[in-house]
2 protein chains.
Amino acid sequence: MVTTRSESVLDGNPYRADCPSRRILDRIGDRWTVLIVGALHDGDVRFSELRRRIEGISQKMLTQTLRGLERDGLVRRTVHPEVPVRVEYSLTEAGRTLREPLRALEEWSIAHLGDVSVSQDAYDGADGPPPAAAERP
Amino acid sequence: MVTTRSESVLDGNPYRADCPSRRILDRIGDRWTVLIVGALHDGDVRFSELRRRIEGISQKMLTQTLRGLERDGLVRRTVHPEVPVRVEYSLTEAGRTLREPLRALEEWSIAHLGDVSVSQDAYDGADGPPPAAAERP
DNA sequence: CTGTATCCGCATGGATACTG
DNA sequence: CAGTATCCATGCGGATACAG
């Protein structure tokens with residue numbers, strides 16, 4: 001159900017600690033959540049497989065982020081009590097619905113990153129450096 | 001526009017430092033960017049007015065975040081050389097297009113925050129992590 | 001295999017003082 | 001009015017060691 005209350009900060013409403021924008025960004029704004037949601041797109045995935053899919057993630061952050069997603073009801077955790085214990089993760093229905101808005105964001109990103117890089121170069125006054133090469137004085 | 005299927009992490013592609021998801025999240029994942037984009041929805045807004053609209057933001061973070069958005073070409077900065085100097089900010093065309101995917105995310109948030117809270121309560125209340133209170137296949 | 005526990009560097013961002 | 005500069009608390013996230 002969708003409340004039609006217009007508290008949208010995108011319409012210029014004042015910030016509140018509990019506003020939807022802040023809540024959702026607190027959730028997906030971290031380094032790994034979106035990547036985990038992506039890595040879980042095709043059903044049950046084991047912990048170790050997840051580690052392999054998400055290159056660069058540490059064990060700690062994978063566990064920690066999965067716990068957060070599970071707590072939010074976006075990810076389901078299934079333990080198979082076998083000899084070497086097997087744990088599989090998958091998106092819940094709610095988790096799957098999150099992929100839509102995330103995809104919209106990603107498509108915006110893909111469509112505009114080029115322009116953004118150009119703008120950054122112009123802003124920095126760089127006349128030659130390749131994009132993504134950031135210099136910090 | 002642009003065909004977007006190259007390397008979407010939402011389709012399970014491996015993480016790379018320059019992947020769109022990471023880039024976009026680095027951009028909007030901070031505490032204030034989305035709120036500023038929202039506060040700029042209705043045209044030219046002065047710095048002081050922006051501070052008033054975004055309750056709780058510090059002067060430093062407002063300036064810093066605006067600089068980042070300007071550098072990315074999402075916000076335009078206009079200085080009016082009057083006696084008390086007047087500076088106005090507005091969204092560029094690119095900045096305006098960002099509102100669409102942000103709105104999608106916010107609407108997801110509004111639609112699901114209730115379920116998320118329920119799931120969190122169940123998770124926190126239960127002895128063991130697996131609640132299975134919010135979802136079933 | 002799937003975690004938990006601990007230490008710790010570093011970036012984020014808040015508070016404050018100062019400037020043009 | 002619209003910043004800039006500086007100090008500093010907090011917490012994210014990486015590395016490592018250990019456990020069920």
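In the text below, chain A, chain B and the rest are named by the order of the sequence lines, each starting its count at 1. The figures that follow rest on heavy atoms only: side chains count, while hydrogens, waters and symmetry mates do not.
Atom-to-atom, CD of Glu82(B) to C1' of dG20(C) comes out at 16 Å; the value is rounded to the nearest Å. The CG-P distance, from Leu62(B) to dG14(C), rounds to 11 Å in whole Å. Following rounding to the nearest Å, Ile57(A) (CD1) and dC12(D) (C1') show an atom-to-atom distance of 13 Å. Atom CG of Leu50(A) and atom P of dG3(C) are 10 Å apart (whole Å). Distance CD (Gln64(A)) to C1' (dG13(D)): 8 Å, rounded to an integer number of Å. We find that CZ of Arg27(B) is positioned 12 Å from P of dT12(C), with the value rounded to whole Å. The nearest whole Å value for the distance from the CG atom in Asp30(A) to the P atom in dT12(C) is 14 Å.
Contact check for Trp108(A) versus Leu98(B): side-chain heavy atoms found under the 4.5 Å cut-off. Side-chain contact between Arg103(A) and Asp11(B) is present, with at least one heavy-atom pair separated by less than 4.5 Å. Residues Leu66(A) and Phe47(A) have side chains in contact (heavy-atom distance under 4.5 Å, counting atoms from C-beta outward). Residues Leu102(B) and Ile28(B) form a side-chain contact, since some pair of their non-hydrogen atoms from C-beta on lies under 4.5 Å apart.
In this structure, of dT2(C), dG3(D), dG3(C), it is dG3(C) that holds the atom nearest to the side chain of Thr63(A). Closest approach to the Ser58(A) side chain among dC1(C), dG14(D), dG3(C) is made by dG14(D) (side chain taken as heavy atoms from C-beta onward). Here the side chain of Lys60(B) is nearest to one of dT6(D), dG3(D), dG14(D), namely dT6(D). Considering only side-chain atoms of Met61(B), the nucleotide from dC1(D), dT2(C), dG13(C) that sits closest is dG13(C). In the set dA5(C), dC1(D), dG3(C), dG3(C) carries the atom at the smallest distance from any side-chain atom of Phe47(A). For Ser48(A), counting side-chain heavy atoms from C-beta on, the closest listed nucleotide (dC7(C), dT2(C), dT4(C)) is dT2(C).
Within the nucleic acid shown, Gln59(A) comes within 4.0 Å of at least one base atom, counting heavy atoms only. Arg67(B) comes within 4.0 angstrom of the backbone, heavy atoms only, and of no base. Across all strands, Arg51(B) comes closer than 4.0 Å to no nucleic acid atom at all (heavy-atom distances).
The phosphate of dC1(D) has neither OP1 nor OP2 within less than 4.0 Å of any side-chain N or O from Tyr89(B). An OP1 or OP2 oxygen of dG3(C) is reached within less than 4.0 angstrom by no side-chain nitrogen or oxygen of Arg86(A). In this model, the phosphate group of dA2(D) is approached by a side-chain N or O of Arg46(B) to a distance below 4.0 Å at OP1 or OP2.
A donor-acceptor contact shorter than 3.5 Å is absent between the side chain of Ser119(A) and the backbone of Asp115(A).
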